[in-house]
Amino acid sequence: DAEALTYLFCRVNRHELVWNTLLAGDEAAAARGERYVPPERVRMRNIETDDEIDVDRVAAAQFVVLTMADLAEQNHEWQDRLFGNADARFAFADASHFASLFPGTVRPGLWVSCCSRLARVLRNAHDADERV
């Protein structure tokens, strides 16, 4: 299992899977007042060969957990200012706030809000599939 997950982690665009597919699907469903259940399989592209790769729901959930750990370990409030993340959307659209100096005030960043939204994806995946 660890080897298969490592292979996927090296071959799948994690940002595309977690942010653009799973989290975007959850937020679109929530806006409609619905509950998002991650699909049994998500079809992704191999970042090296452009072949199709199916990522099952359990592996997708593992990607979400790894992303949450990555956010918790590496993000602080100064990065929110640097990337213009005042709305906690993590769009990384504006990296022009050069007045944001490391390490800032070292307060927790808005990643906490993002982790909460990612946890909702995990909860819904678990409700649909106990292997998650």
Side-chain angles (χ1 to χ4, degrees):
D1 286 343
E3 287 181 15
L5 182 61
T6 301
Y7 174 81
L8 283 176
F9 202 81
C10 293
R11 295 292 184 242
V12 171
N13 181 331
R14 182 171 53 132
H15 186 89
E16 181 69 28
L17 175 63
V18 173
W19 301 97
N20 300 350
T21 302
L22 300 174
L23 189 58
D26 180 71
E27 290 177 348
R32 295 187 306 269
E34 299 172 358
R35 187 168 161 248
Y36 174 76
V37 176
E40 181 62 36
R41 299 206 174 281
V42 177
R43 181 142 300 165
M44 301 296 298
R45 304 299 280 177
N46 183 318
I47 60 175
E48 189 172 285
T49 66
D50 203 38
D51 294 337
E52 293 182 341
I53 297 178
D54 284 336
V55 179
D56 69 23
R57 187 180 289 146
V58 173
Q62 291 169 327
F63 269 72
V64 171
V65 169
L66 291 170
T67 300
M68 292 169 70
D70 186 41
L71 288 170
E73 178 186 28
Q74 297 186 25
N75 287 280
H76 300 284
E77 56 84 27
W78 71 273
Q79 289 157 311
D80 290 334
R81 287 195 319 267
L82 177 67
F83 292 112
N85 187 36
D87 61 359
R89 304 309 300 167
F90 275 80
F92 300 105
D94 185 10
S96 63
H97 299 278
F98 298 112
S100 301
L101 298 176
F102 175 81
T105 61
V106 195
R107 290 182 295 179
L110 296 173
W111 62 267
V112 177
S113 171
C114 186
C115 279
S116 175
R117 295 191 326 266
L118 289 169
R120 186 176 57 214
V121 171
L122 287 177
R123 182 194 66 220
N124 292 341
H126 172 72
D127 289 349
D129 189 336
E130 291 184 5
R131 297 174 302 151
V132 173

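Note that the coordinates shown come from a computational prediction; the quantities given were computed from them, not determined experimentally.
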(Q) Using 0.5 Å steps for rounding, measure from the CZ atom of Arg117 to the CG atom of Leu23. (A) 5.5 Å
(Q) Are the side chains of Asn13 and Asn20 in contact, using a 4.5 Å heavy-atom criterion? (A) no
Q) Crowded around Asp50 CG? As in, over 12 foreign heavy atoms under 6.0 Å? A) yes
Q | Distance-minimising heavy-atom pair for Asn46 and Tyr7 | A | ND2-OH, 3.8 Å
**Q.** For the student: nearest non-hydrogen atoms of Tyr36 and Leu22, plus distance
**A.** CE2-O, 3.5 Å
Q.
Which residue is it: Val58, Val65, Val64? I am looking for the one with a side-chain contact (heavy atoms from CB on, under 4.5 Å) to Gln62.
A. Val58
Q | Shortest non-hydrogen separation from Asn124 to Pro38 and the atoms involved | A | C-CD, 4.2 Å
(Q) As an exercise, state the distance from SG of Cys10 to CG of Leu5, rounded to the nearest 0.5 Å. (A) 9.5 Å
Q) Which pair of heavy atoms, one from His126 and one from Val132, lies closest together, and at what distance? A) ND1-O, 2.9 Å
**Q.** Joint hydrophobic cluster, Ile47 plus Trp19, side-chain heavy atoms closer than 4.5 Å
**A.** no
Q. Could you give the distance from OG1 (Thr67) to NE2 (His15), rounded to the nearest 0.5 Å?
A. 10.0 Å
Q | Validation row: Leu122, Met68 side chains within 4.5 angstrom (heavy atoms) | A | yes
Q: Following the transitive rule for hydrophobic clusters with a side-chain heavy-atom cut-off under 4.5 Å over Ile, Leu, Val, Met, Phe, Trp and Tyr, establish whether Trp111 and Leu66 coincide in one cluster.
A: yes
Q. Are side-chain heavy atoms of Val37 and Arg57 found at a separation under 4.5 Å?
A. yes
Q.
Can you confirm whether Glu3 is buried at CD, in the sense that more than 12 heavy atoms of other residues, nucleotides or ligands lie under 6.0 Å from that atom?
A. no
**Q.** Closest heavy-atom pair and its distance - Met44, Leu17
**A.** CE-N, 3.6 Å
Q) If every non-hydrogen atom of Arg14 is compared with every non-hydrogen atom of Asp70, which pair is closest and at what distance? A) NH2-OD2, 3.5 Å
Q. Are Arg131 and Glu40 within salt-bridge range, i.e. N to O under 4.0 Å?
A. yes
Q: Kindly compute the distance separating CZ (Arg43) from CD1 (Ile53), expressed to the nearest 0.5 Å.
A: 10.5 Å
Q: Tell me, with the steps shown, if Arg120 and Glu27 meet side-chain contact (heavy atoms from CB on, under 4.5 Å).
A: CA-CA 10 Å; Arg120 186 176 57 214; Glu27 290 177 348; 4.2 Å; yes
Q) Taking atom CG of Leu110 and atom CG of Leu71, what is their separation to the nearest 0.5 Å? A) 11.5 Å
